[in-house]
Structure formats: C-alpha cells, structure tokens
Amino acid sequence: MTTDPGLNPRQAQAAHHVEGPLVVFAGAGSGKTRVITHRVAHLVGTCGVKPWRILAVTFTNKAAAEMRERLSALVPGAAADLWVGTFHATCARLLRRYHEEAGVRRDFVIYDDTDQKAMVTRLMRELKLDERRFPPKQVAARINRAKQEGLGPTEVEGDDPLSRVSRDVYGHYQVKMDACGALDFGDLIYRVVRGMRDNPELQRALQERFEFVLVDEFQDTNHVQFELVARVCARHHNLCVVGDDDQSIYRWRGADRRNILDFRHHFSDATIVKLEQNYRSTQRILSVANAVVQRNVDREPKRLWTDNEEGTPVTIVSCSDERDEAQVLVKAMGMMLEAGYARNDVALLYRIHAQSRVFEEALRFANLPYRVVGGLRFYDRAEIKDLLAYLRLLQNPDDDVSLLRVINTPPRGIGKTTATRLLEAAARAGTSVWSALAVAADDPSHGPAARKKLGLFRELVAGFMAELEGGAGPATLAQTVLSETGYLEVLQEEDSVEADARLENLKEAVGSMIEFERDSEEGTLSAFLELVTLQTDADRVDDDDAITLMTIHAAKGLEFPVVMVAGLEEQMFPRRGVAEDDDPEELEEERRLAYVAFTRAQERLLLSHAQVRRVYGELRFQTRSRFIDEIPSDEAHFVGQPSTAPATGSYRARQGPPTYTDRGADPAGRDANRFGGHRGGSVAGDSYVDRSEAADHPEGEEIYQGMRVRHRKFGVGSVQSVSEGLPPRVTVLFPGVGNKQILSRFLEPA
DNA sequence: TATGATTCCATTTTT
DNA sequence: TGGAATCATA
C-alpha cells in the first residue's frame with residue numbers, strides 16, 4: 001500500500017480502499033474532499049482502473065467542478081474521462097445515451113420547478129379541478145415526492161382528497177410531459193431507475209460500464225437515488241459513499257439519513273471508516289458544535305476533535321430587537337475588519353432569508369460591501385426565461401410550456417381567448433400545442449384575425465427553426481430571436497431603469513452563449529440548454545471583496561474565518577411552524593442545522609438573539625434558543641442584556657443562567673487577542689470609536705494614486721485608484737494578493 | 001391590455 | 001410586514 005503524503009491514517013485507509021463497499025463518515029472539516037480525490041487517483045494511478053469506468057456523483061455542480069479540477073492535478077489526463085457530475089447531470093447524460101432503452105426522446109427538454117408548476121396548473125385547469133382546494137404547488141410537491149420514492153402514479157398511497165387528486169394529476173401529467181418531450185428534475189433520476197427496473201439490458205449495460213461508484217454527501221440522498229446506485233453497483237459491489245449524518249439538513253426534500261446510517265446493513269461486508277479529526281476550527285468552536293449535536297439520539301456515534309488552537313470563546317450577544325441585532329453584528333463586523341480580517345473572511349448566517357433585510361439595511365448604512373447568496377437566480381429572471389423558452393421551442397416545438405410562455409411575448413395580439421381555444425384544440429386532438437397551431441389556420445373556432453396572427457407566429461418560429469437546422473449556434477439564434485421578435489425593441493422603447501437592467505441581463509446571457517460556443521466541445525443548442533437548466537447561481541464566481549450573507553443551508557460545504565449566526569431564538573431557530581406539532585425528528589434536524597452553522601467557522605463564532613422580534617408585522621417576545629443553553633458556559637462569552645427567561649423545555653437545566661456582561665462597546669467579544677495573534681490587529685473594545693471619527697474626517701486627500709500603503713492583513717501595496725465619497729474607498733494592489741477594495745481608514749502610509 | 005386594488009401567504013431549495 | 005399573484009376596472 002502506498003502512503004499518500006499528508007493523509008492521516010484514517011484518511012489513508014479510506015483513500016486506499018479498493019474493492020467492496022465502503023462508507024466514510026466524514027465529520028465537518030475532516031478533509032473529505034482530499035480523501036475522495038486521492039481515492040480516485042489511487043484507483044486510476046495505482047490500480048490501473050480506466051477512468052471512464054469510474055462514476056463519481058456529487059450534489060452540486062460546484063462540487064463536481066471542484067472534484068474534477070483537483071483530480072486533474074492528481075491524475076493528469078484522466079480527469080476528462082471520469083464520470084463526475086451531479087445525480088441530475090449524470091442521469092441526463094445517461095438518458096441521452098440510452099434514450100431508446102430508457103424509453104425517452106433523444107431531444108427531451110428539462111423542465112425546472114417553475115415550468116413544472118406551469119404544467120401542473122394548466123393540467124388542473126383542463127381537468128377542472130379546484131385550484132383553491134388543491135393548490136398546484138402542493139400537487140406538484142406530491143408528484144415530486146412520489147418520484148423521490150421511486151413511485152409511479154398508480155403506486156402513490158393515500159386516501160385523503162389531496163392524495164387522490166395528486167394521484168390523478170400525476171398520471172395525466174406524465175402523459176402530457178411525454179407528449180411535450182419534457183422531463184422534470186425528478187424524472188431524470190426516476191426514469192433511469194425505471195429503465196433499469198423494466199429493461200435488464202439497460203441495467204446490465206450500466207452495471208458493466210461502471211466498475212467503481214462513489215457518492216458524496218450520501219446523507220442527502222433520497223430513495224430513488226439510493227436505488228439507482230444500488231442497482232448500478234449490484235454487479236461489482238464497488239460502492240463508496242461519503243457523508244456525515246450530522247450534516248443531513250434536507251429531510252424536507254426527501255433525503256433519508258437511513259441511507260448512510262444503515263449502509264452497513266444494506267451492504268453487510270461494508271468497510272466503515274470514520275474521519276473525526278477536524279482541520280478547520282478551533283477547539284472551542286468544535287466543542288460548542290459538538291455540545292449541540294450530541295443531544296441528538298438518532299445518530300452515528302462520533303466525536304469531532306482537533307489539534308488546532310483553543311481559540312477565543314464563542315461570543316453570544318443578546319440584543320433588544322432585530323434592528324439592534326443588525327447594528328450590533330455590523331459593528332462587530334467592522335471590528336473584525338479592523339482586526340485585519342478581509343470582508344471575504346466574514347459570513348453572516350441565518351435560518352430564513354427574511355432575516356437578511358435588516359442586515360442589508362444596516363450594512364448599507366455602514367457602507368460595508370456585502371453579497372447575499374440565494375434569492376433570485378440569474379436564469380430565473382423573466383427576460384432570461386423568455387429567451388430560453390424561445391430557444392427550447394426551437395429545439396423541441398412540442399414543448400408546450402415554452403410555447404405558451406412566448407406565444408404572446410412580446411405582445412402580438414394573441415390574447416387569452418385565442419390561447420384558450422388553441423389549448424382546447426390541442427387537448428381534443430391529444431397533441432402538443434405546436435401541432436394544434438399547424439392546423440389552426442383551418443380551425444373555424446378562431447376568427448380570421450386570430451388565424452392570421454397564429455399563422456404569423458408559426459412562421460416566425462419556423463424561420464428560427466430553419467436557422468437552427470442550418471447549423472446556427474445558441475448565440476446567433478438568441479440574437480436573431482431577440483431582434484426578430486421585437487423583444488429588444490420593446491425594451492428599448494420602454495426606456496426605464498428596469499428595462500435597461502433587462503437588456504443588460506440579456507446581453508450577459510448572449511455573452512455566456514458566445515463563451516459556451518467557444519469553450520465547449522459540442523457547442524450545440526441542446527447542450528447549452530441542458531447546462532443552463534441544471535446549473536444554479538452557486539456556480540457563479542464571487543470574487544468581489546464583500547461580506548457574505550446567506551442561509552445556513554446555503555453555507556453547507558463552505559468555511560469562513562469569522563462566522564456570525566443571527567436569530568438564535570426559540571421558534572426562529574429551532575424553527576417551529578405555526579402548527580405547534582412537536583416532531584422530534586424536526587428538532588433533530590434543526591440541531592444538525594445548528595451544527596452545520598457552527599462548524600462553518602474557523603476562528604471566530606458569534607451568535608446573537610433578540611428579545612423582541614417583529615414577525616409578519618407582529619411583535620413577538622422571544623426566548624433565547626435552547627441551543628444557546630446547551631453550550632458549555634466556559635466555552636462562551638455572554639454579552640449584552642440577559643434574555644427575558646431561559647428557554648423552557650425538556651432539556652436539562654444548565655448550571656444556572658449565563659452571566660451576560662455589559663455589551664457596551666464590545667460586541668465582538670472581549671480579549672480578541674487571545675486568538676493566536678497572527679491576525680496582527682486587536683479587536684479592542686473601543687476600536688469602533690476610531691471608525692466614527694474616521695468618518696467625520698475623510699482622509700481622501702491624504703491618499704493618492706500610486707501611494708504605498710500598509711494594511712494589517714495584506715501588507716504593503718500600491719494604491720491603484722481612490723473613489724470619491726464617504727468614506728473614501730481605495731483600490732490597492734498587494735503583491736501576491738491582488739487588487740483589494742479597502743476603506744481608507746484601514747490603511748496607513750508605508 | 002395595462003394598471004391599480006386586493007387578497008393571500010409566509011422555512012430551508014444541492015438540481 | 002411586504003411581496004407576489006390574482007382580480008377588477010377603465
């Protein structure tokens with residue numbers, strides 16, 4: 001057995017495992033990615049496994065890209081041939097390759113959740129079902145749930161009205177989707193699995209193709225995903241799964257932790273490896289995270305430990321209300337920056353998106369650049385979806401959802417009445433809307449004006465299709481579509497800020513298509529469309545120097561030197577819905593969520609709670625979270641007014657209420673120097689006073705282009721540019737670091 | 001067909 | 001409370 005440099009014994013054991021099932025319980029920050037990549041490298045490099053016989057599945061495109069990148073460094077040349085991708089992307093690829101065996105169209109389009117909802121809504125209207133009683137959203141959720149369980153329309157259980165309706169709609173939905181040549185996200189996986197169930201040929205082909213299978217984040221897999229990998233591995237038994245049951249936070253999406261917890265029962269000869277050494281966080285941060293998650297009953301026993309420094313105590317701040325909380329945390333952020341942390345080092349995490357607003361306001365007021373992760377995705381913007389709908393329509397005219405989206409966008413006089421008649425005609429004939437459109441010219445139910453307009457639209461689209469046939473790429477097609485439909489013109493004439501932003505977005509979209517044509521092998525429209533629907537904003541680069549705001553869910557897999565978690569109050573976090581059902585499973589998931597949040601922190605962790613909070617416009621008196629009370633008091637430092645009453649509940653009473661010291665000027669925690677000191681700066685209690693003085697006395701005139709300045713963290717650099725305004729912001733080029741935007745008060749002449 | 005009024009609803013969202 | 005989505009009305 002070779003010894004990989006820099007792998008600890010456990011990591012090496014996992015990395016060098018070759019044959020047979022393997023489960024790796026990888027605690028937060030335990031070097032999981034290293035293990036995975038080294039194992040693949042070992043298989044290819046040492047064992048001589050052909051890279052294209054290895055399948056590695058991740059949950060995000062980002063993780064897939066990262067894995068591929070790291071592998072190309074370890075095993076040059078092989079990385080391109082490996083099957084690395086998300087469940088969805090991998091299945092899409094398989095379905096294209098084996099479309100016949102799996103019984104899907106080769107040129108299928110992929111519907112995202114919005115498209116799916118549009119389809120369900122339309123279907124329910126056609127079926128004359130009461131949308132009030134049975135919200136399409138819920139029905140769609142039922143359909144998705146069924147697919148996650150690997151169940152078809154007839155196999156869905158439940159006798160309540162919603163279940164019946166959902167079952168009914170599900171059946172019709174699949175027929176309709178088929179007619180449209182569309183697959184939703186759930187279908188991608190479900191159809192592969194069904195193909196394998198129904199067609200032994202396909203099953204055998206896939207089993208033979210993949211000699212080694214590796215699944216990351218296995219705690220987040222659902223039932224079909226489990227069935228998929230189990231079937232694929234049934235022949236070679238070389239299934240390696242990696243994950244952490246304590247970080248399972250997607251139960252509500254159908255993820256089942258039993259997949260990893262019971263792995264040893266499903267594969268009785270499985271090797272079990274636990275990675276418990278954490279390389280990320282200080283001892284105190286870990287012990288706080290451990291204290292919270294260890295209260296869970298249903299978990300694989302393990303305890304994360306570290307050789308890292310003890311670190312500063314975790315700071316817990318009590319605030320009067322959510323605005324106060326925002327002010328206090330923003331002030332603390334300022335101190336961290338003064339102590340030498342970069343803005344990119346600091347993250348603010350919260351349980352729900354709605355919490356971000358107050359923080360955004362406070363950050364804007366303090367002039368601190370920030371970025372909010374999540375929210376509206378680029379490809380979800382209306383104008384982008386419009387453009388993509390046109391493009392999808394060209395690829396597959398039977399795609400009803402896309403057709404209906406653009407048939408009157410921009411407005412071309414095809415109103416509701418005409419559209420409804422067209423839909424009815426399609427339903428009567430049992431065809432796609434496009435087919436109905438072809439015969440609409442002879443359909444007497446449309447008036448002469450309507451017929452003419454429908455004909456014009458059909459010709460317009462047919463013209464685009466001819467261009468596609470002629471070999472035009474996505475960028476060219478997009479430009480043609482935007483100009484010939486009058487889409488650009490309408491926006492230009494509107495001449496508003498919003499319209500300009502839309503034009504800008506469309507430009508960016510076309511730009512990305514040009515890039516795609518240049519960089520990708522195929523460069524085809526269908527390849528582009530697939531990429532775009534399976535991609536999220538998480539993949540977009542975020543290299544600007546800013547403080548990061550996001551939900552805890554979005555933070556999974558990331559790490560930051562400084563992490564703040566807001567809103568540690570009962571009902572908020574742990575989150576409880578209006579329906580006061582005490583589901584212990586849900587509480588355990590909240591606890592895992594807290595564990596994920598806390599273990600994002602490398603050096604400093606700050607938690608806050610408010611005593612009063614406005615929720616849906618109503619004032620609510622909050623009790624601090626039980627999670628706070630579960631933290632060992634010698635690991636924490638309490639700041640601010642003590643909370644009203646300690647949380648009550650079934651948990652063990654702590655050793656008496658925590659003692660909060662006066663918050664005063666020190667929300668960042670006393671004695672910041674205790675931590676290592678390599679950050680150089682102190683987070684002195686009075687440092688924010690300097691900041692306010694600095695704001696009163698702008699130092700703009702003292703800083704000039706080309707000047708050499710010193711920053712506590714980045715060292716000496718040269719000023720590239722100075723922006724006007726209060727406070728003045730300076731771009732400085734630090735050798736070896738790059739350009740940084742820095743407030744002038746953090747700089748001194750060098 | 002476009003706008004303003006009204007009503008409804010409200011965790012988390014890897015694809 | 002605030003936003004999105006739907007409805008009513010010119």
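All chains are named by letter (A, B, ...) in the order of the sequence lines, taking the proteins before the strands, and each is independently numbered beginning at 1. Reckoned from all heavy atoms, side chains included, excluding hydrogens, waters and symmetry mates. The structure presented is a predicted model; accordingly, all values stated were derived computationally and were not measured.
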Evaluate side chain to side chain donor-acceptor pair (under 3.5 Å) for A/Y595 paired with A/Q247, printing each intermediate quantity in order. CA-CA 7 Å; A/Y595 176 76; A/Q247 291 186 67; 5.4 Å; no

Nearest-neighbour nucleotide for the [X] side chain, [options] considered:
| X | options | answer |
| --- | --- | --- |
| A/Y616 | B/dT15, B/dT12, B/dT11 | B/dT11 |
| A/P411 | B/dT11, B/dT13, B/dA2 | B/dA2 |
| A/H353 | B/dT15, C/dG3, B/dT12 | B/dT12 |
| A/T551 | B/dC8, B/dT12, B/dT14 | B/dT12 |
| A/D220 | C/dG3, B/dT11, B/dT14 | B/dT14 |
| A/R357 | B/dT11, C/dG3, B/dT15 | C/dG3 |
| A/H88 | B/dT15, B/dT1, B/dT13 | B/dT15 |
| A/E586 | B/dT11, B/dT13, B/dT15 | B/dT11 |

Identify which one of A/Q219, A/Q148, A/H223 satisfies the side chain to side chain donor-acceptor pair (under 3.5 Å) criterion when paired with A/D256. A/H223

Quick one: [X] [atom1] to [N] [atom2], roughly how many Å, whole number?
| X | N | atom1 | atom2 | answer |
| --- | --- | --- | --- | --- |
| A/F59 | B/dT13 | CZ | P | 16 Å |
| A/I143 | B/dT15 | CD1 | C1' | 17 Å |
| A/K117 | B/dT15 | NZ | P | 21 Å |
| A/Y250 | B/dT12 | OH | C1' | 7 Å |
| A/I352 | B/dT13 | CD1 | C1' | 14 Å |
| A/M572 | B/dA10 | CE | P | 16 Å |
| A/R613 | C/dT1 | CZ | C1' | 14 Å |
| A/Q355 | C/dG2 | CD | P | 16 Å |

Between A/D220 and A/K556, does any NZ, NE, NH1 or NH2 come within less than 4.0 Å of an OD or OE carboxylate oxygen?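 Yes.
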
Is it true that a side-chain atom of A/R96 and a backbone atom of A/R106 form a donor plus acceptor pair closer than 3.5 Å? yes

Expressed in whole Å, how much space separates the P atoms belonging to C/dA5 and B/dT12? 15 Å

If you measure from the C1' atom in C/dG3 to the same atom in B/dT14, how many Å do you get, rounded?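 Result for the C1' pair: 26 Å, nearest Å.
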
Considering just the side-chain nitrogens and oxygens of [X], establish if one lies under 4.0 Å of OP1 or OP2 belonging to [N].
| X | N | answer |
| --- | --- | --- |
| A/R253 | B/dT14 | no |
| A/N61 | B/dT14 | no |
| A/N408 | B/dT1 | yes |

For DNA chain B, whose closest nucleotide is more 5', that of A/R132 or that of A/W252?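 Its nucleotide being nearer the 5' end, the pick is A/R132.
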
Starting from the C-alpha separation in whole Å, work towards a yes-or-no answer on ring-ring contact (aromatic ring centres under 6.0 Å, His included) for A/H553 and A/Y250. CA-CA 9 Å; A/H553 284 89; A/Y250 285 103; 5.2 Å; yes

Quick one about A/R253 and A/N144 (side-chain donor to acceptor, distance below 3.5 Å, no hydrogens or angles considered), yes or no?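 No.
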
Taking atom types as they are modelled, is there a donor-acceptor pair under 3.5 Å from the base of B/dT12 to the side chain of A/R351? yes

Using a heavy-atom cut-off of under 4.0 Å over every strand shown, decide if A/E590 touches base, sugar-phosphate, or nothing. base

